[in-house]
Amino acid sequence: MSEIVDNIFKVVTQKNSGEVEFHQAVHEVLHSLEPIIDAYPEFRYHKILERMIEPERLISFRVPWVNDAEELQINRGFRVEMSSALGPYKGGLRFHVSVNQSIMKFLAFEQVFKNSLTGLSLGGGKGGSDFNPKGKSDLEVMRFCQSFMTELYRHIGEKTDVPAGDIGVGGREIGFMFGQYKRITNQFTGVLTGKGIEWGGSYIRPEATGYGLIYFSGNMLETRNETFEGKTCLVSGSGNVSLFTTEKLIELGAKVITLSDSNGFILDEEGIDRKKLDYVMKLKNIQRGRIAEYIEEYPKAKYFPVEHNRDSNPLWNVKADCAFPCATQNEINEIDAKNLIDNGVILVAEGANMPTNEEGVELFLDKGILYGPAKATNAGGVAVSGLEMSQNSSRLLWDRKKVDSELKNIMKRIHTLCLDNSDRYSTKGNYVDGANIAGFIRVAEAMIDQGYV
Ligand code: NDP
């Protein structure tokens with residue numbers, strides 16, 4: 001890295017000691033931005049990078065709630081308001097045991113670039129809690145959400161900060177939090193996105209991240225005159241992003257053969273068809289079951305439980321044409337990347353945030369794999385959240401066709417932006433550099449216009 005960028009990274013590691021995920025996210029971006037920082041002295045003069053790595057505001061709070069056994073539970077809540085250069089802070093809430101300040105900050109940092117790429121008026125933020133929704137009753141989840149919102153409400157608002165869902169936060173949790181916000185403030189406003197369709201939601205919001213991922217990936221394949229028809233695909237996770245990714249892939253004639261959760265993965269060589277996907281959607285969203293149950297319904301499929309102390313994930317060692325990591329950060333390491341490459345994968349596109357470690361990304365880029373980084377490929381979710389905010393402020397509900405067509409256009413535009421910027425400043429077809437540079441320039445110019453804030 002150049003001296004300037006190197007010094008900035010040193011400060012990041014010193015001032016944010018132990019925040020390894022945050023370091024990783026910043027390191028990747030700094031690496032991409034070197035040519036821009038060298039070429040544009042105004043970005044150096046205005047200390048854009050130094051400002052962007054420091055959250056505008058970081059809120060951490062106590063979340064007390066009572067479980068069904070009437071025992072008091074204490075969790076930690078976060079909201080990281082990273083940048084409001086382009087609009088109100090926007091980014092999801094994650095409820096997962098692993099949540100900590102480092103994970104919140106890496107997600108908020110990435111969100112700033114992603115939201116910029118959408119071309120919409122959206123700043124970047126992220127939040128959540130180390131609350132584990134798994135195995136909790138609906139009433140426990142409701143009590144937790146109400147307590148979480150009882151503190152969060154004072155920091156958010158339809159014009160200041162508009163959270164959405166992420167891991168562990170779907171329609172049920174958004175509903176409970178919206179209800180509590182309304183009750184405390186006596187306002188029915190678009191303060192959260194991902195709402196129910198009858199009370200301020202948008203069509204295609206649940207589908208948006210997965211559909212957007214496949215629209216973007218379709219654009220990537222087109223650059224090599226390929227389509228999804230007949231392609232064998234690996235999908236990880238079995239949550240919101242994974243299942244709508246699978247749905248769109250099936251619709252486009254691809255064959256999805258894997259799904260997973262944190263306990264293991266299923267391999268169905270015959271392919272997960274519409275009927276099987278409906279079964280998984282019901283299993284996951286209504287019964288809140290585990291993916292292992294799939295083989296009870298479809299005994300020809302195989303189930304592989306997670307092995308502890310493994311050095312690689314066997315899901316990524318299944319032969320396929322395309323791979324879509326849609327579960328969590330760093331789920332593909334360099335061994336997984338090598339396995340995918342050795343098995344002939346031609347496209348890897350990220351549904352999850354930062355699912356590939358830096359060594360894995362380098363391998364994909366070196367080998368000329370069509371590699372789509374999360375900031376660009378999973379931006380469809382926040383894009384439709386932005387469209388939900390537009391519908392809320394005009395009190396209109398657009399039909400499915402309109403939202404879907406807007407989503408397709410936004411993903412196509414992001415794809416073009418990535419390619420144009422990688423052609424101009426980096427290596428042709430390097431979507432990582434293209435996304436980081438395009439996302440950065442828009443935020444940087446807004447920051448210069450707005451003075452030292
Ligand atoms: P969900 O909670 O709906 O699903 C998450 C899935 O990933 C579950 O199957 C879960 O399994 C699995 N998973 C989570 N953590 C781990 C882990 N540590 N190891 C293995 N599997 C794990 O979340 P989403 O689908 O909403 O989010 C998935 C990813 O997509 C995240 O990285 C999120 O940040 C990203 N994303 C989501 C967007 C959205 O609109 N929802 C938008 C943009 C990005 P289990 O049930 O066992 O935990």
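Predicted, not measured: the structure shown is a model, and the values here were computed from it. We count ligands from 1, going down the list as the structure has it; atoms in each ligand are counted the same way.
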Point to revise | Distance flag, aromatic centroids of Phe131 and Trp65, threshold under 6.0 Å | key: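 For Trp65 and Phe131, the ring centres are under 6.0 Å apart.
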
In the protein, what heavy atom is nearest to [atom], and what distance, to one decimal place, separates them?
atom: atom 2 (O) of ligand 1; value: Gly168 N, 2.9 Å
atom: atom 37 (C) of ligand 1; value: Val241 CG2, 3.5 Å
atom: atom 40 (O) of ligand 1; value: Thr209 OG1, 2.7 Å
atom: atom 9 (O) of ligand 1; value: Ser238 N, 2.9 Å
atom: atom 18 (N) of ligand 1; value: Thr328 CG2, 3.6 Å
atom: atom 29 (C) of ligand 1; value: Ala327 O, 3.4 Å
atom: atom 41 (N) of ligand 1; value: Asn240 OD1, 3.7 Å
atom: atom 33 (C) of ligand 1; value: Asp166 OD1, 3.1 Å

Using the six-membered ring of [Y], assess whether NZ or CZ of [X] lies under 6.0 Å from its centre and within 45 degrees of the ring axis.
X: Lys195; Y: Trp199; answer: no
X: Lys105; Y: Phe22; answer: yes
X: Lys126; Y: Phe78; answer: no

Practice item. Determine if the distance from atom 35 (C) of ligand 1 to the closest protein heavy atom is below 4.0 Å. Key: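 So atom 35 (C) of ligand 1 has protein heavy-atom neighbours under 4.0 Å.
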
Check your understanding: Does any N/O atom on Arg290 come nearer than 3.5 Å to any N/O atom on ligand 1?
Key ->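 Yes - when backbone and side-chain N and O of Arg290 are compared with those of ligand 1, one distance drops under 3.5 Å.
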
Point to revise | Heavy-atom proximity to atom 11 (O) of ligand 1, best of Ser262, Ala352, Ala164 | key: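 Selected option, by shortest heavy-atom distance: Ser262.
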
